[in-house]
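To keep things clear, I will list the structure first and then write my remarks on it.
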Amino acid sequence: MNLKQMEAFRAVMLTGSVSQAAQQLFRTQPAVSMMISSLENDVGFQLFERHKKRLYPTPEANYLYKEVEAIFSRIQDVNQTVQDIQNKQYGFLRIGCMPGPSNFFMPEILADFLVEHPKIQASLQTRTSDSVIEWVASNQYDLALAEVTSHQPKVGRNQLFDLLCVCALPADHPLAVHDTITLDMLDAEPMITLHPDHMIYHDLLQLFEANGHRMNVRLQTRFFIPALKFVERGLGVSIIDPISAFSYTSYAQPGKVVFRHFQPDIFLRVGLLFPTESPSSMIALEFASLVTQRIEDLCDNPEKILCWDKNP
């Protein structure tokens, strides 16, 4: 039994007529009759009886029809799945993310993506950047966002972004009146930094020492988001990446923290990373494109952060 025979049999069962089945299948009546006859030879029993120019299915035909209909229903499901895949509406997306953006930035992007792709399922896992890089390399994520070293080159589909850091200050800090905070302004100023093993701490310390200034570290945190809570309480100022700053503006109220340009430039390099040993799905690439747009928009429009406290 082949698919064409089943198709002809199903059409005759649905229409009750070889001629109507032939019209439905865009075939000639003799061709359909031949397929039905061939099917009967293959299965070894009669499928139809003809009385007064009408076809009547045998009980065996009714049993067979239930199975054939189930097959065609499954084919329709497969066709729908293919269409969903073509329209990027089907699949499972595994995303890894470093802690900072995983709080607000990445969930907002993923939520927008899932609204537009209601049949897609997703997993968002928060891990340290080192763990994220390790997991995406072992093909446990479809894509991931993590900090990378400043000298790491772009590899394969990976995309690298150099995020220009800003200065976070208590809103009532005397330096908050300035649009740009310079290194000399922060000489001996109480600061909230990341731990010494982080690239931002290293770059800041190098700048302070090279220019003869003292970096007065009052508090150290592992991530930027907790640092902003200490800035709120007036315990110091902090140099943070724009994603963390933007995340803060998405949940906090103006009046406690302000963000200003910082000179000289300090960059945090992050990477949108893909497995190197396996191809990416269409939905992974489309989601990556959306993440890229959001990051580039943040980089191209710093006023979203810097003018946050000035908006009504």
Within the side chain of [X], is there an N or O that forms a donor-acceptor pair under 3.5 Å with the backbone of [Y]?
{"X": "Q5", "Y": "N2", "result": "yes"}
{"X": "S289", "Y": "L285", "result": "no"}
{"X": "T126", "Y": "S102", "result": "no"}
{"X": "N301", "Y": "D297", "result": "yes"}
{"X": "Q125", "Y": "G96", "result": "no"}
{"X": "S33", "Y": "P30", "result": "no"}
{"X": "N158", "Y": "F274", "result": "yes"}
{"X": "R157", "Y": "P275", "result": "yes"}

Neighbour count >12 (heavy atoms, 6.0 Å) for atom [atom1], [X]:
{"X": "E108", "atom1": "CD", "answer": "no"}
{"X": "H195", "atom1": "NE2", "answer": "yes"}
{"X": "Y63", "atom1": "OH", "answer": "no"}

- Item | Ring geometry between F104 and Y251 (parallel below 30°, tilted from 30 to 60°, perpendicular above 60°) | parallel

- Measure the acute angle between the ring planes of Y65 and F9, then classify it against the limits of 30° and 60° as parallel, tilted or perpendicular. perpendicular

When rounded to the nearest 0.5 angstrom, what distance separates [atom1] in [X] from [atom2] in [Y]?
{"X": "D241", "Y": "C165", "atom1": "CG", "atom2": "SG", "value": "6.0 Å"}
{"X": "I295", "Y": "L163", "atom1": "CD1", "atom2": "CG", "value": "6.5 Å"}
{"X": "C167", "Y": "H178", "atom1": "SG", "atom2": "NE2", "value": "11.0 Å"}
{"X": "S247", "Y": "F224", "atom1": "OG", "atom2": "CZ", "value": "12.0 Å"}
{"X": "H198", "Y": "D203", "atom1": "NE2", "atom2": "CG", "value": "9.5 Å"}
{"X": "L207", "Y": "L186", "atom1": "CG", "atom2": "CG", "value": "11.0 Å"}

Testing the 3.5 Å rule here: is there a donor-acceptor pair between the side chains of [X] and [Y]?
{"X": "Q206", "Y": "Y201", "value": "no"}
{"X": "T292", "Y": "Q159", "value": "yes"}
{"X": "S278", "Y": "N139", "value": "yes"}

In the single-linkage hydrophobic clustering (I, L, V, M, F, W, Y; side-chain heavy atoms under 4.5 Å), do [X] and [Y] co-cluster?
{"X": "L268", "Y": "F223", "value": "no"}
{"X": "Y56", "Y": "L14", "value": "no"}
{"X": "V270", "Y": "M199", "value": "yes"}

- Query: Under a 4.0 Å N-O cut-off, is there an ion pair linking E69 with K66?
  - Reply: no

- Task: Indicate yes or no: does R269 engage E147 in a salt bridge with an N to O separation below 4.0 Å.
- Result: no

- Message: Please determine whether side-chain contact (heavy atoms from CB on, under 4.5 Å) holds for the pair L235 and L219, giving the CA-CA distance in whole Å, both sets of side-chain angles, and the decisive distance to 0.1 Å.
- Response: CA-CA 8 Å; L235 296 175; L219 275 164; 3.9 Å; yes

- Message: Please determine whether salt bridge (charged side-chain N to carboxylate O under 4.0 Å, His left out) holds for the pair K4 and E7, giving the CA-CA distance in whole Å, both sets of side-chain angles, and the decisive distance to 0.1 Å.
- Response: CA-CA 5 Å; K4 289 185 178 180; E7 188 178 43; over 6 Å; no

- Message: Set out, in order, the CA-CA distance, both residues' side-chain angles and the distance that settles side-chain hydrogen bond (donor to acceptor under 3.5 Å, both in side chains) for T15 and S17, then state yes or no.
- Response: CA-CA 5 Å; T15 63; S17 164; 5.3 Å; no

- Item | Residues clustering with F267 (ILVMFWY side chains joined when closer than 4.5 Å, directly or via others) | L164

- Task: Would you please indicate yes or no on a ring centroid separation below 6.0 angstrom for W308 and F246?
- Result: no

- Task: Provide the full list of salt bridge (charged side-chain N to carboxylate O under 4.0 Å, His left out) pairs with a residue in residues 177-202, sequence neighbours left out, each pair given once.
- Result: D179-K310, D197-R222

